There are 2 protein chains.
Amino acid sequence: MTPDQQGSAPTLEQVAKVAGVSRSTVSRVINDSPKVTPEALAAVRKAIDELGYVPNRAARILASRRTQSIALVIPENTARFFADPYFATVVQGIAMYLSDTDYTLSLVIAAERDGEKTRRYLQAGNVDGALILSHHSDDRSYTQLARSIPVVFGGRPMSHEGSEAYYIDVDNVEAARNVTRRLIDKGRRRIATIAGPSDMSAGLDRLEGWTQALDAVGMPTDLVEHGDFSPAGGEAAMRRLLERGAPIDGVFAANSLMAQGALNVLRSHGKAVPQDLGLVTFDNDYAAQSSNPRSRLSNSRRSNRGAGWSTCCCISSTAARCRRSP
Amino acid sequence: MTPDQQGSAPTLEQVAKVAGVSRSTVSRVINDSPKVTPEALAAVRKAIDELGYVPNRAARILASRRTQSIALVIPENTARFFADPYFATVVQGIAMYLSDTDYTLSLVIAAERDGEKTRRYLQAGNVDGALILSHHSDDRSYTQLARSIPVVFGGRPMSHEGSEAYYIDVDNVEAARNVTRRLIDKGRRRIATIAGPSDMSAGLDRLEGWTQALDAVGMPTDLVEHGDFSPAGGEAAMRRLLERGAPIDGVFAANSLMAQGALNVLRSHGKAVPQDLGLVTFDNDYAAQSSNPRSRLSNSRRSNRGAGWSTCCCISSTAARCRRSP
DNA sequence: ATGAAAGCGCTAACAG
DNA sequence: CTGTTAGCGCTTTCAT
């Protein structure tokens, strides 16, 4: 397909000609420079309208060395991206913020195998900076990236080089501790956890919070099964937990999708929530709100604390803090 | 791995110098030109590796007038984009196809108010072509776009100018007719429909198919309520249907999300599916498969026909056909 | 405040 | 097959 078949787009030069000014002046108008006389400005605007001129982005980027766009990198496959409400939440937040600016969001759904392609894209000057979500410890492709462009991780990155990285995160340990304490306060005595993957900080930190809460009251911390943050993973983990044969009257699932999976298993095993067993989890997202029973978010005042009902699904609010890791 | 200098990305010229060849030759290597001697090729590759060179995309686009990327435009807001499995399906399909190519997908989630910004983006030479999904009749911003870049609509576009547009679609009328006939064949006699929005071709066509099926056997076509393809819309429509007081023993919902909503309302009204009432719908997607009762896809042989069980959720397969509208 | 000139990094004829 | 020569459309000093 040859692009030249299409009508050639008007250039800045043509606008300049029509407006009777130089290209520089047109450029200044486009870039909202204050040093343009009202007359020149009016003439240029008129010419732009008449010609239907739209500045060529590639040329702008090349000349200015700025792209006016940032990448959101999701190191997961497309199916997972759509299945996990977490990503939807983040994308919505970014899109909302960016809509007030001239920046463009470049969403990069990068399955592991595309690592090289993705890195090239990010280093080829396509974006002014990158936001990297859902980082796994075995993935080092992005930590070096920070030498080329500004990088911020969503959630504390796992790798060693990442220790110099910027990131934004919630206090997963404290939130998990708080939400587990809810179960304890409600009288639950045999509390299990469906932990997240061990190669992600959110998985490790939430497990740590759960452990701390139980340790603090001298309760056993042996009922641990890991999942992969997916409903299927949550189901499998819940099943393994039940197969142990030990009595369980409380579960902390590390995310809402796994809680959903756990709920399915519990139902099919005839366990009633919250009567037989209390279930708490993270994130009051779509998955949590559409489950049966659905989540009940506690009115926690301190935004960075996890909290909720031990009688049912429970939510930790996720106020973000930005910081540089130690 | 050599540490690259922050800020100064290596250029093609530097690669040429290191490799001891001209810039043209480097360019040829980058672009997989066959006319390069093995020696030159090796030298250039070595230089590229040593320098960690990545071609600048903006420069390439500017010089070649090709972007190697196509846009998928979703004229909906972000929340809806994530809520409707339809978009996930499409994006996955495109991503899968594109992953074997050098093309990049530029996903444009364009809420209505961003229309102008989106149009500028598409006309600024950012993409080689655009795919436009979920087109509404009141939205004319994209029909003119075809004069600048190649445009294909996903689903027949509604506007007049669109009559010259390329589009890809399923035969919604026939699929809806077939799936409705299933209800009839199963003995349902008072069949309603939860139709899609009237400003979208999928809404109109599926309603038409339902109407044709009932007309063919002389059954009344008065039980129509419209929804907006969302679960809430489906709930509201189902509620309105029930409030009419007329007996209903079959429902065709124009998409799975509305079927899901309808199912919720039916359950809370004590209506059992499929015992009291048969429900059929479109698309065997995540929403249909995770509903309760979940969908049962019929083994329809002809891929462009809608089909399924009238006893429960029913699915029309959606084999695509590409064509230019009449 | 404005214009002239010099590139940004790459591709694309065109000779050789 | 390779190098040379022009730009792609825009921003950006630097004079004026």
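Remember, predicted model here, so these are calculated numbers, not experimental data. Note on naming: letters A, B, ... go to the chains in the order of the sequence lines (proteins, then strands), and numbering restarts at 1 for each one. Reckoned from all heavy atoms, side chains included, excluding hydrogens, waters and symmetry mates.
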Q: Kindly give the heavy-atom pair with the smallest separation between B:Ala88 and A:Phe82, and that separation in Å.
A: CB-CG, 3.4 Å

Q | Shortest non-hydrogen contact between A:Thr118 and A:Ala110, atoms and distance | A | OG1-CB, 3.3 Å

Pairwise distance [atom1]([X]) to [atom2]([Y]) - rounded to 0.5 angstrom:
{"X": "B:Leu122", "Y": "B:Ile132", "atom1": "CG", "atom2": "CD1", "value": "7.0 Å"}
{"X": "B:Ile149", "Y": "B:Asp128", "atom1": "CD1", "atom2": "CG", "value": "8.5 Å"}
{"X": "B:Ser201", "Y": "B:Asp169", "atom1": "OG", "atom2": "CG", "value": "5.5 Å"}
{"X": "A:Tyr121", "Y": "A:Ser106", "atom1": "OH", "atom2": "OG", "value": "3.0 Å"}

Q | Residue that, paired with B:Leu131, satisfies side chain to side chain contact (heavy atoms under 4.5 Å, CB included) out of B:Val152, B:Ile168, B:Val108, B:Ile74 | A | B:Val152

Q) Using a cut-off of 4.0 Å between protein heavy atoms and nucleotide atoms, how would you tag nucleotides 4-13 of chain C 5' to 3' with B, S and -? A) B-BBBBBBBB

**Q.** Check: B:Asp84 side chain, B:Phe87 main-chain N or O, donor-acceptor pair, under 3.5 Å
**A.** no

Q: Using atom types as modelled and distance alone, determine if a side-chain donor or acceptor of B:Ser64 lies under 3.5 Å from a backbone N or O of B:Arg60.
A: yes

Q) Taking the side chain as C-beta and beyond, is there a heavy-atom pair between A:Tyr167 and A:Arg156 under 4.5 Å? A) yes

Q. First contact, last contact: which nucleotides of DNA chain D are these for chain B, 5' to 3', heavy-atom distance under 4.0 Å?
A. D:dC1 to D:dG9

Q: Go ahead and write out DNA chain D as dot-bracket, 5' to 3': ( ) for pairs within the strand, [ ] for ones crossing earlier pairs, | when the partner sits on another strand, dots for unpaired; Watson-Crick or G-U wobble, both distances under 3.5 Å.
A: ||||.|||||||||||

Q: Just call it for A:Pro34: base, sugar-phosphate, or nothing, with non-hydrogen atoms closer than 4.0 Å on any strand.
A: nothing

